[in-house]
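Single-structure report; data block below.
Chain letters run A, B, ... following the sequence lines, proteins first and then strands; every chain starts at 1.
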Amino acid sequence: MRRNTLTLEQKIWLMISFGVILTVSFSSFLLDYFYQKLYVDKVEQTLRQEGKALASDYHGGAVSETFRKQIEWYDKKSTAEVMLVNNPRELSACLPFDIHYQSLISGKDRAKLLNGETVTKIGYEKRFHRKIMGVIIPLLDGHRLQGVIYLYIPLASIQELTKDVAMIWLPLAALFVFVLLFAGKQLVRHITGPLKEMEKVAYHMSQGNYEAQIPVRTNDEIGKLAKAFNVMAKAVAEEDMRKREFLANVSHELRTPLSYVKGYSEAILQGLVKTKEEQRKHVQLIHREAGRMERLVRDLLDLAQLEGNSVPLQKVPLAFAQVIEDTVAKYEPFLRKKQITLDVKLDHDIILEGDADRLEQVVQNLLDNAVRYTPTAGKIKIQLRKVDAANCQLIIRDSGKGVPKEKLAFLGQRFFRADQARTRKEGGTGLGLAIVKQIISLHDGTISFFSEEGKGMEVVIQLPIYPE
Amino acid sequence: MRRVCLFLFILGLYLVYGCEKAAFPAVPKRPQILVSVNVKGESVAFFDAKTGATLAEWKVKKPIQGAALLRDQRTLLLYGNELDRVYLYDIHTGKEAQEWRTGKGIVRALVSNKGDAVFLADEQQNMIRIFKENGQEAGKIAVGDKPLTLLQNDAGTLLYVIDFRNMKAYIVQVGKRRVIHTFSVPKFAVSGLLREKEGELWIGGHGSGSTVETNIHIYSARTGAFVKTVKAPVMPVDFAETKGGIYVLSHGSSTLWKWNDSGELESSVIAGANPFAMIAENGRLYIASYDSDEIYVVDERTMKVVDRWKTGKGPFQLLMAKGG
């Protein structure tokens, strides 16, 4: 099937033109109709009144000569033609006989007149050889149709009047149509302009140029669409930037341990390492960096899986407190080593529907961070509590140096580190919180960070409770 | 199979009912029954001529133009120029007695005063066709264009045919089936009165074009020679002669004129609205008032309207059935 080749602009304009022309023609038809009807009706009414007034002087019996004279006199004075007809032939009195005569009054009219009704004629009358508007008033003596008064005016005089109106109306209507069509064209252009710009910008974007913005001139649907389009363009641009940044980060993160591995292994290979002791130290360093790379790759894979949802969560109802306790147990040696006091307060009644491994990963990553940033002899507090019937909160608070307020918003972004310099020493991949955020979101929960610089950091995770 | 049977049964019923002759209400017997043929309403009304009581009304629903009573005074023959046959009904049973397939164009019927014959005037064949009372066609006589008026002498041997269009009248010798005289009459002449004793033929008419007829034309009944005119405005269309005088009905002025035996105009009266037909009986004149759908009853002596009876729409012809 062939696609419609008309543009939206053409379509709207066609619609407007159609509407305008239809309206104008309809109104002109109405005008003509009412003018004719009202005027013709008025004329008919006048004729009828005159005729009835004349007929009121007839008092039965044969039509008298005086009455005829009276009508003739009136005919001379009146603008209408007035006739008195009493020839039975003209009144179709011989109707049952086929007398080959075109009577002035037809058989049908005669029947009406006999009933005392008046007859109205509009149109061509053979007898008068022209179009007329006429009224026929019967002169009845009981059932005897003694005659009729026939009043008429030529229709030409009425049509001349309508012609006058047409002379004024037609040019005005034409002008009106022209102006409306022109205005319509402008209007359509105004409406569809932003759409055209959007089209252009979309093409630019497809070629990687995210900078172009559509000027928003109105606040209507099109204006809103333009605004939304701009927001979308910005979002796409940001996403694109994040992607580049991520790639840069990944390569950077990989390059650092790689250069360690390369450097130390080269030193060993070139025999720069003299003692066994030194060699062992080098190999240890290589091993450590390899481990870091492994973690990094693992985390990246994890994140990719979580974000792409390629490995769905294995959700089962579980006691969240148990998961937390199991994880905390693994950290006991590190805590002891750093002499950190752990304060754990768990509500064992809380049941979640969740993936135990992933939730463990959440607790683990958060504890990793907490332990990492908490100084020796510091404090970590873990609390699990019900907020309301449907939600619970896991709060992990450390006594580390915290994160500046302005950076809180960036926590959870991939490779974001509050303190760039510290990272190497602390040994995180920069992906831990991003993974946590992703897992929590997949559990329909929220995560928030509260911190003041120097006063530690509080992570609050809110998760829905499994409805029993 | 059952369906087919049912269908055939219904078809059969339909055919039986369809073929059954139409029946009308029977007309009770009265010494004199006035029959009014109403062309506008396509009906026939029957009145007791004495009391004016309506005896029956037949809604014929066919374009009938006129009727004739056969000699038995009970068989009513209905015709119309649009009908392809004439219908004969027994008025006392209301049943159809016969149909004569005449073809279209029958404009007048006259029952012969002599013997077994009905004259039908045919405007398509331009003939006077003679039928026996059993429907058998017994002869034809070629006449003018539209032989609308048929008159006959008392003996039924001579037929006067007045043509409506071609301005001619014919005297026909029935026995020999031939025209013996042709003479000129005014255009649209219609109806007439044969005064055998006086040897006069009075002919009425409508007048031609916008001129309306105001005169009766009198001709010699023997030769057709023009004798004189008598004023009877406007448009004299029916005649009757009794012992009381000659009566002429003019439809244009709705006037009934009366001449005495010596040919003097005695009186006139306005009767009816556009009346076309008149019949004299019992010292009364019955007048069919076409526009008011009435029968006017006029006393022929006093010339006063003595009664008015409502009939069907457009009474156009009156007949009298006697001795039923």
Side-chain angles (χ1 to χ4, degrees), chain A residues 55 58-65 67-68 72 81 83-119 125-129 136-150, chain B residues 37-40 63-66 80-82 107 123 145-146 148-149 164-165 187-191 204-214 233-235 237 250-255 268 270-277 288-294 296 305 308 310 313-317:
Chain A
Y58 169 76
H59 303 293
V63 173
S64 69
E65 208 42 44
F67 187 64
R68 178 177 290 285
E72 278 166 5
E81 307 285 327
M83 304 189 306
L84 173 70
V85 183
N86 68 339
N87 182 342
R89 176 63 42 81
E90 300 295 3
L91 301 176
S92 265
C94 308
L95 194 67
F97 292 94
D98 180 16
I99 51 160
H100 290 253
Y101 186 74
Q102 193 75 41
S103 301
L104 186 61
I105 309 297
S106 71
K108 248 190 203 165
D109 294 343
R110 182 182 170 88
K112 271 191 180 173
L113 293 165
L114 276 170
N115 275 338
E117 297 167 31
T118 56
V119 171
E125 272 300 306
K126 249 189 182 168
R127 183 60 65 89
F128 307 124
H129 301 292
I136 309 167
I137 314 284
L139 300 174
L140 278 174
D141 178 12
H143 282 285
R144 277 184 282 277
L145 185 66
Q146 296 285 13
V148 294
I149 300 175
Y150 201 131
Chain B
V37 181
N38 311 314
V39 293
K40 241 196 280 177
I64 50 167
Q65 291 290 322
N81 61 347
E82 291 298 315
V107 290
E123 68 165 354
D145 196 3
K146 184 167 184 170
L148 199 56
T149 306
F164 193 61
R165 283 196 202 118
K187 201 169 185 188
F188 301 124
V190 71
S191 189
H206 291 280
S208 161
S210 61
T211 339
V212 290
E213 186 63 80
T214 53
V234 177
M235 303 197 277
V237 286
S250 298
H251 85 90
S253 53
S254 308
T255 308
S268 70
I270 304 274
N274 202 19
F276 284 111
S289 169
Y290 185 80
D291 280 347
S292 67
D293 312 325
E294 284 169 304
Y296 273 63
V305 176
R308 285 159 73 172
K310 202 77 198 158
K313 278 190 172 176
F316 192 59
Q317 194 188 8

Can you tell which part of B:His206 gets under 4.5 Å to a heavy atom of chain A, answering side chain, backbone, both or neither?
both

Main-chain N/O of B:Gly272 paired with A:Arg144 side-chain donor or acceptor, under 3.5 Å:
yes

Atom pair CG (B:Asn274) and CG (A:Leu95), whose distance is rounded to the nearest 0.5 Å
9.0 Å

Heavy atoms, side chains only, cut-off 4.5 Å: are B:Asp291 and A:Arg110 in contact?
yes

Search all heavy atoms of A:Arg89 against all heavy atoms of B:Gly209 and return the closest pair with its distance.
NH1-O, 2.6 Å

To the nearest 0.5 Å, tell me how far A:Phe97 CZ sits from B:Phe164 CZ.
6.0 Å

Shorter than 4.5 Å, heavy atoms on both sides: which option in B:Ser253, B:Gly252, B:Gly207, B:Ser210 has the most such pairs with chain A?
B:Ser210

Counting only heavy atoms not in B:Lys313, do more than 12 sit closer than 6.0 Å to its NZ atom?
no

Roughly how far apart are A:Cys94 SG and B:Phe276 CZ, rounded to 0.5 Å?
6.0 Å

Under 4.5 Å heavy-atom distance to chain A, tell me which part of B:Lys40 shows up: side chain, backbone, both or neither.
neither

Close side-chain approach of B:Ser289 to A:His143, heavy-atom, < 4.5 Å
no

Checking A:Ala93 against chain B: side chain, backbone, both or neither under 4.5 Å from a heavy atom?
both

Okay, B:Val190 and chain A: the region with an atom under 4.5 Å from a heavy atom over there is side chain

With side chain to side chain contact (heavy atoms under 4.5 Å, CB included) as the test, pick out the partner of A:Asn87 among B:Val212, B:Val234, B:Thr211.
B:Val212

